[in-house]
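To start, the structure under review is shown below, and the notes come after it.
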Amino acid sequence: MMTYLTPFERTGYDLFRSMRDWENEFFGGKSAAMSSCKTDIRDTGDSYVLEAELPGFQKDEIKIGVESDTLTLSAVHKEKTEEEKAKDGTYLRRERSTSSYEQKLDISNVDASGLHAVYENGVLTLTMPKKQPAKPVSRQLEIH
């Protein structure tokens, strides 16, 4: 994908970065895999809604983990075993193979006990309710 029509104009163009990007896209490097999964996060007032495009993944290939204040969203699609390939026939062309995706999010202001996830039509929707602010406790002290 060409970003600039005039590549050597003084616009901050980096020839070497473009070559690395092309190489990663062509050979399926990290940037190509990461760019294929788009993520949006909306603030709905009382919660955050994350929508992640994970096309080609089955529901059981997607994992959502919470550790402390970090949410990890990962998906791994593995290539078929030799037995499964033999049942399906011989491939004449094969472009799809193993793919994976992982993203970590800080959820320090989210109530992790109320997380709710739905995966439908290649889109994962994760609803994350916000933590309610702690109400200040007031009390009277007795003087001795």
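Index from 1, following the sequence.
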Starting at [atom1] of [X], measure out to [atom2] of [Y] and round the result to the nearest 0.5 Å.
| X | Y | atom1 | atom2 | result |
| --- | --- | --- | --- | --- |
| Lys59 | Leu124 | NZ | CG | 10.5 Å |
| Asn121 | Leu54 | CG | CG | 12.5 Å |
| Leu126 | Met128 | CG | CE | 5.0 Å |

Minimum heavy-atom separation for [X] and [Y], please, with both atom names.
| X | Y | result |
| --- | --- | --- |
| Thr125 | Glu51 | OG1-CG, 4.1 Å |
| Pro129 | Ser47 | CA-CB, 3.6 Å |
| Lys131 | Val110 | CE-O, 3.3 Å |

Q: Evaluate the side-chain proximity of Leu50 to Leu105: yes if any heavy-atom separation is below 4.5 Å, no if none is.
A: yes

Q: State, yes or no, whether a side-chain contact exists between Asp40 and Glu53 at a heavy-atom distance under 4.5 Å.
A: no

Hey, can you pull the donor-acceptor pairs under 3.5 Å for the side chains in residues 61-71, sequence neighbours left out?
residue : atom : partner : partner atom : Å
Glu61   : OE1  : Gln58   : N            : 2.8
Glu61   : OE1  : His77   : ND1          : 3.3
Glu61   : OE2  : His77   : ND1          : 3.0
Lys63   : NZ   : Asp60   : O            : 3.0

Q. Which residues satisfy the salt bridge (charged side-chain N to carboxylate O under 4.0 Å, His left out) test with Arg139, sequence neighbours excluded?
A. none

**Q.** Residue pairs passing the side chain to side chain donor-acceptor pair (under 3.5 Å) test where at least one lies in residues 104-119, sequence neighbours excluded
**A.** Tyr48-Asn109, Thr72-Lys104, Asp106-Ser108, Asp111-Ser113

Q: Apply side-chain contact (heavy atoms from CB on, under 4.5 Å) to Phe57 and Val76, showing your working.
A: CA-CA 8 Å; Phe57 290 100; Val76 178; 5.6 Å; no

